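Model, not experiment: these values are computed from the prediction. Note that these values count all heavy atoms, side chains included, but never hydrogens, waters or copies made by symmetry. Lettering follows sequence order; numbering is per chain, from 1.
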Amino acid sequence: MNIFNYFESKFKEIVDEMRRAGVFPETADTSKIVFELPRDPSHGDIACNAAMILAKQVKMKPRDLARLLATRLNSCDGVTTVEIAGPGFINIIVEPRLWSSELRAILAAGKSYGSNNSGAGKSVNIEYVSANPTGPLHAAHARGAVLGDALAGLLEFSGWNVTREYYINDAGGQVDTLARSVYLRYREALGENISDIPPGLYPGAYLQEVGKALAARDGDCYLEQDEAKWLAPVRIFSIDAMMSIIRDDLLRLGIKMDVFSSERLLVEDGKVQAAMAKLHKDGHLYRGVLEPPKGKEPEDWEPREQLLFKATTFGDEIDRPLQKSDGSWTYFSSDIAYHLDKLERTGGNLINIFGADHGGYVKRMMAVVEALSGQKDALDIKLCQLVNLMENGKPVKMSKRAGNFVTVRDVIDTVGADVIRFIMLTRRSDQTLDFDYRKVTEQSRENPVFYVQYAHARCCSVLRQAGALQDEVCLERLTAPAEMALIKLLVSWPRIVVSAANAHEPHRIAFYLMDLASTFHSLWTAGRENPTLRFILDDDVDLTSARLWLVKATALVIRSGLGVLAIPAKDEM
RNA sequence: GCGCUCGUAGCUCAGCUGGAUAGAGCACUAGACUACGAAUCUAGGGGUCGGGAGUUCGAAUCUUCCCGAGCGCGCCA
């Protein structure tokens, strides 16, 4: 049993006992009580805040309550001493065997150490990337892609049944523009001189190949036709071509989607009408006129009666339009149908990864999912901020108009997928991130991926030196402060996983790995300066064994952590 | 004008959902290779957590009002 769980269950027994004795009211709320590793080692091995949380509910002074609880905890198996500090912290010092049994648990669990079943096999759907199928993924897409995929891995590791999903926006005007752009390249492929790309069409050279492929497949049959005839087949061909590029880009990033959902199919299957009917039945729709936005009034604003969703009922600022003036559905409408579809497939637990530029879209999406599902927390939307591409500290100039943006593929070719996957998680997702693709290829502490990989490689190096490991070891021999610091960090790995998964914040895994690597490097160098701290000792076979198992455990946890992020560990650099 | 995301050391950022004296890296200063991989490590200085008020045993974290940055604001997706 995990040491934290051990104390939590012991504490629960104490609380139950107190309730029976009438010291605690039946209603006492213990949900905010935690047992944790204190930052400062002088505060003991495990610290608990129970006395401060319960003091008011129990009508006792925190320190008095702490004393009461401390005597009970003191009699628990494995506890050496219990101290009361500050406003009422209960600091527990445990017998070394508790730590060594934790270490044994790591070695027994192997790579799966840290995995847990907090998801209990429930389904969760993560929609991410969902870039418009009008070109290859550009560098900015990589962040949302990595965030979503790492979150997927994290939730799988926590016992969730994860669906990775990509929503293809193939029903709007942008794919018509794509088709027209490809048609131009198609004429070019058939020998026509097209000169400049007219404004409003996509200029990217990547469409030349698509035009050629279309000409090769269908010949010149579209040349004499009206747009009304060639638009549909060219559009389908173009979207397929773009999606195959995007799928390939994702695969190079190590991302494999389970489901690609098509907006066009939803619309054609009448899913939008169905979703609207449901909203209408539940009284969430009406026809009305919107006020123009205050302060910034568009010049061409005309009051217009339109079909609206009562988003204000669910906390949005204004009600949201569902139909364009020509009667066709807005993007929001098909997105409603899409989310209803996802709700029906998964029964809730939806996560969307959005770019920061979609921030204004969050409230209405949350509102409509609440309206459709009747639950407030069926959907979580993670906004992910911009990536500033840098080269040696200088921003890389990108002009979308000229079509010379930096693609994901470019970045993968220069730095590799592992580096991208890790670097994208070295910031909280709602913080902007500078990605310097010169610095991240350095082999130094400047490059966190390297730093973590190197720690793992060093572990492997020691284990190679040592040869076969002994089975019977006395792990209680591990007592040096630097060793204890490492053990405690290793033991906290399962908690990091749970908290990161609950918060939907995979960056915590990356930060933990950097912390772990640092602690291990530190222990390593301690052995250089103090030979008695070296892992391999000529004159003490038993202590050597114990230390080798510690190294083995460190390697396992690093491998486990990198595995959650879908980054391979390296045995040698 | 309104909304969203933010503001933490000179710079780049963490801070485990309210805990103890706010932590890392870079840069700067001074050190450690006859060595299990020095591609690393040790030590030091550096802070009104944007500002004010509030909530309570306790606030970087929660509430509110200012200041500043980025993003968004009917028939684009």
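- Listed nucleotides U40(B), G3(B), A20(B) differ in distance to E317(A); the shortest reach to its side chain belongs to G3(B).
- Look at S461(A) and you'll find a side-chain N or O under 4.0 angstrom from OP1 or OP2 of G37(B).
- Distances shown here put every side-chain N or O of K363(A) at or beyond 4.0 Å from the OP1 or OP2 atom of U5(B).
- Shown for residues 39-52 of chain A: residues whose heavy atoms fall under 4.0 angstrom of RNA chain B, namely R39(A), H43(A), A47(A), N49(A), M52(A).
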Enumerate all atom pairs, one protein N or O and one N or O from nucleotides 6-9 of chain B, separated by less than 3.5 Å.
from: C6(B); atom 1: OP1; to: D430(A); atom 2: OD2; distance (Å): 2.6

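- A search for ring-ring contact (aromatic ring centres under 6.0 Å, His included) contacts involving F89(A) returns nothing, not counting sequence neighbours.
- Across residues 483-503 of chain A, S499(A), A503(A) each have a non-hydrogen atom less than 4.0 Å from an atom of RNA chain B (numbered order).
- Considering only side-chain N and O atoms, K56(A) lies under 4.0 angstrom from the phosphate OP1 or OP2 of C57(B).
- A salt bridge between D64(A) and R67(A) is present, with a side-chain N of the basic residue lying under 4.0 Å from a carboxylate O of the acidic one.
- Take Y128(A) and apply the ring-ring contact (aromatic ring centres under 6.0 Å, His included) test, not counting sequence neighbours, and it matches no residue.
- OP1 or OP2 of A24(B) has not a single side-chain nitrogen or oxygen of Y451(A) nearer than 4.0 Å.
- Residues of residues 168-176 of chain A that place a heavy atom closer than 4.0 Å to RNA chain B, in numerical order, are N169(A), G172(A), G173(A), Q174(A).
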